[in-house]
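Below is one structure; the comments refer to it alone.
Hydrogens, waters and symmetry mates are skipped; everything else that's a heavy atom, side chains included, is used.
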Amino acid sequence: QGLYLCDPANPRLEPAVVLEDASVYDAKWTPDGEWVIFTADPGEVLNIYAYRVDTGETRQLTNVAYGAFEGAVSPDGLRLAFIEFQDQRFDLKEILLDLEAAPRALLSAANPPEPGAFIDTVGVARLDGAYRTLEFLKPRMIYPTAYYEAVSSGKGGRKLGFGAGLAVQGTDPLARWAYWAEGFYQGERPWGELGLSTATNILRPQIRVFRRPDQLLAQVGSGSTADTTRVIRDERGAEFSVRLPITLQDNIHRSTAQFALFANFQENRLLGEGNEVLREWSQNLAITPVVSLRWGLQSALRDLVWSRGVTFQSATEFEFVPDRFGGQGTASYNEIGVYLPFLSRINNGLKLELASLSQSRGFVYNTDFFMPRGHEDRAPGRGTFIRFGAETVQPFYFPDNGFIILPAFFRAIYGYGFAERLVRADDTSVTLTSVGGGLGIQFNLLHVLEFDLRFGRAYRTGSSPDLGWTTVYR
């Protein structure tokens with residue numbers, strides 16, 4: 001029950017702070033390596049202390065009523081951040097820090113345990129020299145991947161179906177650098193991606209190179225012989241992006257913001273049945289700013305979706321290509337969602353949604369995600385479209401009661417209902433509507449793979465040749 005230090009040249013734990021009737025819970029070095037910041041609970045209240053390595057003195061940094069823990073000193077050594085438990089919640093606090101002026105701690109010391117005895121410790125090892133990222137970049141995960149591309153579609157053409165592959169991820173312990181790679185086989189072809197990101201800069205730069213498939217509706221041919229059909233878009237290229245994530249609040253409620261900018265150069269071609277080339281390679285350079293905001297989101301342990309809060313996201317793609325690259329286009333997608341807590345006592349989730357899509361030419365985006373359920377075979381084309389929607393999710397049964405230790409188990413069985421309507425902004429007579437619902441199942445496989453499957457029926461109305469009931473999967 002104490003704090004132990006380890007010299008890299010001598011791999012033995014040496015007692016630094018050994019407490020009587022108290023425990024040490026976490027520990028970190030200060031940036032200058034002269035102090036160890038740790039949490040202990042003498043008097044049954046967690047507080048944060050500092051241990052000076054060269055003199056052995058201990059100082060108390062916090063004195064709270066209910067608990068303070070996970071202390072961390074800023075790089076300049078002037079501030080201390082920690083988590084404080086207060087009034088049935090956890091708050092992130094920050095205070096000015098003067099280690100030399102902090103009061104000496106009066107801790108009840110105990111004798112160190114005998115060699116070979118079991119001890120409850122927090123061990124902290126100081127690195128010998130500067131932190132070297134390359135020494136810690138070995139892969140941390142190697143895992144299989146699986147894909148299945150399907151939409152509620154009766155449209156003919158090419159579909160991707162099942163795919164499988166292998167992926168690897170790695171990062172150093174401080175998450176300064178991260179990388180990933182994946183190779184998979186789908187639609188009778190191999191695909192893959194490589195990526196690298198860093199957190200050494202506040203803007204979180206990232207670069208990736210890829211060749212991936214995308215199943216979408218596209219117009220093949222020209223003039224009166226043009227046909228809108230499902231095809232595979234073969235995409236290859238490179239992307240550079242920067243992100244600025246901001247956490248405004250992460251307590252009972254969660255409020256975050258993220259600003260990102262993507263620069264993407266890629267080549268595209270369209271493939272049909274038997275990988276027949278329907279349209280040869282065209283090149284595209286695009287800049288896409290993205291804004292994502294989440295405000296006041298809250299959920300209980302058994303809520304399947306957020307029970308309250310507001311979300312907003314906006315993405316606009318600007319294509320910069322000479323005429324020989326296949327034409328220019330601009331597309332913008334905006335969405336706001338409001339989660340209402342009217343039936344939160346029975347874990348019901350209710351979301352109202354308003355979204356818009358504008359395209360200067362058709363097929364800039366894969367619009368399957370935007371169409372009302374059951375209408376995925378309609379391509380909105382160029383123009384501005386607005387979608388209104390409402391969805392409710394109600395859990396019925398939670399099979400896992402916490403005592404199931406199996407490689408696969410069901411987490412929740414639930415029902416859902418939805419109503420969606422799409423309107424063309426400049427011609428309100430062009431409408432697509434779907435109303436319906438179904439059942440959903442959430443289950444875990446190998447305790448790390450999470451699945452959420454939905455099966456339902458939608459009744460379609462509007463200015464579409466395909467109306468009435470249809471099966472939906474999302």
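- How far CD1 of I386 is from CG of L354: 7.0 Å, rounded to the nearest 0.5 Å.
- Contact detail for A68 and I48: the closest heavy-atom pair is O-CG1, 3.8 Å.
- Using a 30° and 60° split on the angle between ring planes, F85 and F90 fall in the tilted class, from 30° to 60°.
- Taking CZ from F385 and CZ from F370, the interatomic distance works out to 8.0 Å, rounded to the nearest 0.5 Å.
- Residues Y414 and N348 bring no donor and acceptor atom of their side chains to less than 3.5 Å of each other.
- T471 has its side chain within reach of R457: a pair of non-hydrogen atoms, C-beta onward, lies under 4.5 Å apart.
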Before you tell me yes or no, could you show the steps for F210 and E235 under side-chain contact (heavy atoms from CB on, under 4.5 Å), namely the whole-Å CA-CA distance, both residues' side-chain angles and the distance that decides it to 0.1 Å? CA-CA 8 Å; F210 58 90; E235 298 179 300; 4.3 Å; yes
Step by step, work out the side-chain contact (heavy atoms from CB on, under 4.5 Å) result for Q206 and V242. CA-CA 6 Å; Q206 175 180 294; V242 291; over 6 Å; no
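- For R79, the salt bridge (charged side-chain N to carboxylate O under 4.0 Å, His left out) partners two or more places apart in sequence, or in a different chain, are D76, E94.
- With contacts defined as side-chain heavy-atom distances shorter than 4.5 Å, the pair L350/Y339 does not qualify.
- In this view, D426 and R424 satisfy the side-chain hydrogen bond (donor to acceptor under 3.5 Å, both in side chains) rule, not counting sequence neighbours.
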With side-chain hydrogen bond (donor to acceptor under 3.5 Å, both in side chains) as the test, would you mind laying out the steps for T62 and N47 before giving the verdict? CA-CA 6 Å; T62 66; N47 270 293; 2.7 Å; yes
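- Classification of the Y473-F455 ring pair by plane angle, with boundaries at 30° and 60°, yields perpendicular.
- Within 6.0 Å of atom CH2 in W180, more than 12 heavy atoms from other residues, nucleotides or ligands are found, so the atom counts as buried in its surroundings.
- Here the OG atom belonging to S292 is positioned 9.5 Å from the CD atom belonging to E335, to the nearest 0.5 angstrom.
- Nearest heavy-atom pair, P395 versus L304, reported as atom, atom and distance to 0.1 Å: CB-CD1, 3.9 Å.
- In this structure, F451 places its CZ atom where more than 12 heavy-atom neighbours from other residues, nucleotides or ligands lie under 6.0 Å away.
- Shortest non-hydrogen contact noted between L357 and P380 is CD2-CG, 4.4 Å.
- Distance check: E188 CD to I232 CD1 gives 10.0 Å after rounding to the nearest 0.5 Å.
- One finds a salt bridge joining R230 and D368 here, because a Lys/Arg side-chain nitrogen approaches an Asp/Glu carboxylate oxygen to under 4.0 Å.
- Atom CD1 of I246 is surrounded by more than 12 heavy atoms from other residues, nucleotides or ligands within 6.0 Å.
- Panel note: side chain E84, backbone Y66; no donor-acceptor pair is recorded below 3.5 Å.
- With S307 contributing its side chain and G349 its backbone, the two residues share no donor-acceptor pair below 3.5 Å.
- The minimum heavy-atom distance linking A238 with V209 is given by the pair CB-CG1, 3.9 Å.
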Worked check of ring pair (Phe, Tyr, Trp, His ring centres under 6.0 Å) between F69 and F82: CA-CA 6 Å; F69 51 96; F82 60 92; 9.0 Å; no
Test side-chain hydrogen bond (donor to acceptor under 3.5 Å, both in side chains) on R294 and S255 and set out the steps. CA-CA 5 Å; R294 294 184 172 190; S255 299; over 6 Å; no
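- The line from CD of E317 to OG1 of T330 is 8.5 Å long, rounded to the nearest 0.5 Å.
- Judged purely by atom type and a 3.5 angstrom limit, D303 has no side-chain atom pairing as donor or acceptor with the backbone of V305.
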Between T145 and E182, is a side-chain hydrogen bond (donor to acceptor under 3.5 Å, both in side chains) present by the stated rule, with each step listed? CA-CA 8 Å; T145 58; E182 182 188 14; 2.9 Å; yes
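- Looking only at distances, a side-chain donor or acceptor of Q186 sits under 3.5 Å from a matching main-chain atom of G161.
- Within the 3.5 Å criterion, the main-chain N or O of S23 finds a donor-acceptor partner in the side chain of D41.
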Test log, rule side-chain contact (heavy atoms from CB on, under 4.5 Å), inputs R140 and Q169: CA-CA 6 Å; R140 290 179 172 264; Q169 291 186 13; over 6 Å; no
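- In terms of modelled atom types and a separation under 3.5 Å, the side chain of T171 and the main chain of W177 share a donor-acceptor contact.
- Counting heavy atoms from C-beta outward, I142 and L166 have side chains that approach closer than 4.5 Å.
- Scanning all heavy atoms of the two residues, the minimum distance from A40 to F38 falls at CB-CE1, 4.0 Å.
- A salt bridge is absent between E391 and K351: the closest approach of a Lys/Arg side-chain nitrogen to an acidic carboxylate oxygen does not fall below 4.0 angstrom.
- Residues P213 and Q215 fail the side-chain proximity criterion, which asks for heavy atoms closer than 4.5 Å.
- Using a distance-only test at 3.5 Å, with no hydrogens or angles considered, a donor-acceptor pair links the side chain of E376 to the main chain of G374.
- Among R212, R211, R236, the one residue that satisfies the salt bridge (charged side-chain N to carboxylate O under 4.0 Å, His left out) test with E193 is R212.
- Considering every non-hydrogen atom in both T316 and S332, the closest pair reads OG1-OG, 3.1 Å.
- A cation-pi arrangement is absent between R411 and F398, since the terminal nitrogen or guanidinium carbon is not both under 6.0 Å from the aromatic centre and inside a 45° cone about the axis.
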Does the side-chain hydrogen bond (donor to acceptor under 3.5 Å, both in side chains) test come out yes or no for N284 and Q266, once each step is laid out? CA-CA 5 Å; N284 179 27; Q266 66 182 35; 5.9 Å; no
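- For the residue pair N334/S314, the side-chain donor-acceptor check at 3.5 Å is satisfied.
- A cation-pi arrangement is absent between R308 and W306, since the terminal nitrogen or guanidinium carbon is not both under 6.0 Å from the aromatic centre and inside a 45° cone about the axis.
- Ion pairing of R254 with D250 is present here, as a side-chain N (NZ or NE/NH1/NH2) and a carboxylate O approach within less than 4.0 Å.
- Listed for the Y459 side chain is no donor-acceptor partner under 3.5 Å among the backbone atoms of L467.
- Salt bridge status for R387 with E353: present, with a side-chain N to carboxylate O gap under 4.0 Å.
- Without hydrogens or angle criteria, T384 side chain to A425 main chain gives no donor-acceptor distance under 3.5 Å.
- Summarising the geometry, atom OH belonging to Y25 is positioned 5.5 Å from atom CG belonging to L46; distances are rounded to the nearest 0.5 Å.
- N264 is not listed as a side-chain neighbour of L285, based on a closest heavy-atom distance of 4.5 Å or more.
- With T198 contributing its side chain and T200 its backbone, the two residues share a donor-acceptor pair below 3.5 Å.
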List the steps, then state whether side-chain contact (heavy atoms from CB on, under 4.5 Å) holds for F396 with L439. CA-CA 10 Å; F396 296 142; L439 291 176; 3.9 Å; yes
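- Ring pair F369/Y333: centre-to-centre distance below 6.0 Å.
- Aromatic ring orientation, F418 versus Y416: parallel (interplanar angle below 30°, classes split at 30° and 60°).
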